K.L.:
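I have a structure I would like to understand better, so I am pasting it below and will then ask my questions one at a time.
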Amino acid sequence: MDLFENLNEQQQEAVRTVDGPLLIIAGAGSGKTRVLTNRTAYLIKEHGVAPWHILAVTFTNKAAGEMRERIDDLVGFGSDGIWVATFHSTCVRILRRFIDRLGYGTNFTIYDSDDQKTVVKDVCKRLSIDTKMLKERMFLSAISSAKDELIGPEEYEKRCGNDYKEQRIARVYREYQDTLKKSNALDFDDLIRLTVELFKLDKEVLDYYQEKFRYLMVDEYQDTNTAQFELIRLLASKYQNLCVVGDDDQSIYKFRGANIYNILNFEHHFPEAKVIKLEQNYRSTQCILDAANAVIAHNGSRKEKRLWTENPGGEKITFRQFDTAYEEAEYISHDIWQKKQQKGIPYCDSAILYRTNAQSRLFEERFINAGIPYKIIGGINFYSRREIKDILAYLKTVDNASDDLAVKRIINVPKRGIGATTIAKADTFAMERGITFFEALEQAEEIPGLSRAAAKLKGFVNFIYVLRSKAREMLISELIEEIFEETGYIRELEAESTEEAEARIENLDELISKAAAYEESFSDPEEDEEDLDDGDFTEDREERPTLSGFLEEVALVADIDELSADSDYVILMTLHSAKGLEFPNVYLAGMEDGLFPSYMSITSENPTSELEEERRLCYVGITRAMRYLTITAAKMRMIRGETQYNAVSRFVKEIPHGLLDGEVRSARTNERAEEAPSQSARAAYRQTPYYLTQNKPKSFSSGRTEKIVLDYGVGDRVSHVKFGSGTVTAILEGGRDYEVTVAFDGAGVKKMFAMFAKLKKLDEKG
DNA sequence: GGTTTGAAACTTTTT
DNA sequence: GTTTCAAACC
């Protein structure tokens, strides 16, 4: 395959430039992923670079997955030697191997933001800090920014001087970090920060990775923070083969510590750097592009560039302002329906983008009513749902009981009669002895002041022991089933028989599927092509599924974010999550001053820079659209139970009039007032619209697994991945699944659930 | 020790 | 409007 086919001059240049630092300024829709993947293939095929010398870093799992796929296609044999990963997973892999040099255990756990919050809350209580005055959130964000800037607790303490608040933060920071260390836990920021620390402290490790990653590529470079920059800088400092791709106009993560100067000053950091600009857009119509250019031109301090396209002019951008947010949702859902009917645009070609997650609600209700399939991306993370976290806490406890947080979470879930007082006593005991919470439980009889409670604690500890021994011979999916069974977790939910409980059960089913999928990903027998490495750089890729491995994967995945291509649904998400995606038909909803740009940014102490960030976000939104773009606003909407009246977003006014269909400031109000029904918009909204009478939704929930059909019965010979072959002795029908009892030839009698045991029927011989 | 109730906070964006 | 948290009650 010709790696230069269909590439324009600049793209070819970027692919061909393989040595030394390279900055690719890639405007929206300019084909940067293609450049990155082709460049990787070129490195290997034409330049003789070994795959294991290449590292490609992205921010999201989705981006990494996409790139992996395309690289695999291009490179073929040996491509799995290339590291294509997110910053976080790259660091985890490195730390899993070497973090013991920093005094942590290599089986560390990763705390998510919920866990962080719990720790900070705990710390505040311990230090008797009045959280009315100084909010936990404030501490968390201060700690996070400090870590992003590579400032450790000691350093922070030195810097804070006499400022009371700063001193408090320093104190909390130190305590927080100690707590994490004691639990052998790392938060997200630690993953990056400690990797940098490791590189700085241990020349040997740094050297190893510098040798390993001789060619580095970083995607979405404009969103890197100081720690990530340092990480990359250290890795690249030896061979200098660093290629970064980014677009300063799409930097939208300042709130998370992204340092836009990493890209603006790249040539300063790497004086040898070559700069290539990709300015031809292959995605959008001229009209959409003009609008995007006009908006972003209002920002100062940016690298000058002007996107152009050979695409046709296209239709004007539709703009509509409505009286209420309900009408807005109604209009958009109708428009999507109509475009499907009249132009044959499938639902999955349409996306609704908004500033805040809360806005998705109205659309969701509207779509359910109208029978239009939809999918909301983001919002509440799957893995931060209560029921999921509970079960994961069990798994963590089984896997690594030094995670105090996990143990405390489940010690009384389901109710075991272990209350706050008992937990507090055990906690104090653990603290005094400097042991973990779980270790304290193991010696419950030593804890002063416990009478009957000690026995209950013992019971819990034994339960964990039992699970541990079972875990050794069970698949993870089976272990989860076992936890359901032994704790009665599912039964309890079933007894509730509410819609909510039903949804939780579905989620738990989903979790088991996740575990099963994780396990299956190892059973692919494509192992036969034994790595033909040069000896030094094969390593650490786990060869079989482990509990730790599963927990880690889960910790680093933001959501079940597969946009499965086979189903046809409208996609709803925030502007932030839309970065990197494209859709033929895009709606930017809620374009109102106070919502977008947000009230926070307008009233902040530094409105100019905050507004510029919002404007970049707007730019990202506009440039997601390929053919059709619709911008909507509402005069009135409920936010937090309060009705707000908002003007049309200033960003809309920055789009030249000629590009818009629909008036921005005119007297449309009167027109509409006459049309609008006199009753409240809300009541009108409740009715099913005229355009949908049949076609009711079935279920849009992401998939409760259908009841399965068994191809074996009692007395049949079956085989199991782990236990080998055996004979089925009983099949019990349960609500969602069958419980199958099998007498295995080698492993004894086991009870298992058919859905996950994946038993295969054998011919009579066995 | 567990459950119920009412008030208060919450919302910008996420690996 | 929704969720979280603590106090009061059982």
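Keep in mind it's a predicted model, so treat the numbers as computed, not measured. Chain letters run A, B, ... following the sequence lines, proteins first, then strands; residues in each count from 1.
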K.L.:
For residues A/His576 and A/Tyr354, establish whether the separation of their ring centroids is below 6.0 Å.
P.N.:
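They do not qualify: ring centres at least 6.0 Å apart.
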K.L.:
Have a look at A/Phe255 and say if it touches a base, only the backbone sugar-phosphate, or nothing, with a 4.0 Å heavy-atom cut-off.
P.N.:
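Base contact.
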K.L.:
Could I get the full list of salt bridge (Lys or Arg N to Asp or Glu O under 4.0 Å) partners for A/Arg637, not counting sequence neighbours?
P.N.:
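A/Glu328, A/Glu592.
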K.L.:
So that I know where these two stand, are A/Phe363 and A/Tyr374 an aromatic pair - ring centroids less than 6.0 Å apart?
P.N.:
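Ring centres of A/Tyr374 and A/Phe363 not closer than 6.0 Å.
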K.L.:
Nearest whole Å is fine: how far is C/dT2 P from A/Leu362 CG?
P.N.:
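Spelled out: CG on A/Leu362 to P on C/dT2 is 11 Å.
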K.L.:
Which part of the nucleic acid, if any, lies within contact of A/Ser601, taking any heavy atom under 4.0 Å across all strands shown: a base, the sugar-phosphate backbone alone, or nothing?
P.N.:
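Nothing, no heavy atom under 4.0 Å.
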K.L.:
What distance, rounded to whole Å, do you find between the two C1' atoms, one in B/dT11 and one in C/dA6?
P.N.:
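Per the computed distance, 23 Å lies between those C1' atoms.
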K.L.:
Is the phosphate of C/dT2, meaning OP1 or OP2, less than 4.0 Å from a side-chain N or O of A/Arg361?
P.N.:
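Affirmative; the distance criterion is met.
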K.L.:
Need one value for A/Ser577: base, sugar-phosphate or nothing, where a base atom within 4.0 Å counts as base even if backbone is also close, heavy atoms only.
P.N.:
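Sugar-phosphate contact only - A/Ser577 comes under 4.0 Å of backbone atoms but never of a base.
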K.L.:
Tell me which one of A/Asp187, A/Asp190, A/Asp403 satisfies side chain to side chain donor-acceptor pair (under 3.5 Å) with A/Tyr111.
P.N.:
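Only one of A/Asp187, A/Asp190, A/Asp403 forms a side chain to side chain donor-acceptor pair (under 3.5 Å) with A/Tyr111, namely A/Asp403.
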K.L.:
OP1, OP2 of B/dA9 versus side-chain N and O of A/Arg137: anything below 4.0 Å?
P.N.:
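So the side-chain polar atoms of A/Arg137 never come under 4.0 Å of the phosphate oxygens OP1 or OP2 of B/dA9.
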K.L.:
Does B/dT14 have OP1 or OP2 sitting under 4.0 Å from an N or O in the side chain of A/Thr574?
P.N.:
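The answer is yes; a side-chain N or O of A/Thr574 sits under 4.0 Å from OP1 or OP2.
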K.L.:
Taking only side-chain N and O atoms of A/Asn225, does any of them lie within less than 4.0 angstrom of OP1 or OP2 on B/dT15?
P.N.:
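Looking at the OP1 and OP2 atoms of B/dT15, neither is under 4.0 Å from any side-chain N or O of A/Asn225.
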K.L.:
With a centroid cutoff of 5.5 Å and a plane-angle limit of 30°, would you call A/Phe87 stacked on B/dT15?
P.N.:
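Check failed, A/Phe87 does not stack on base of B/dT15.
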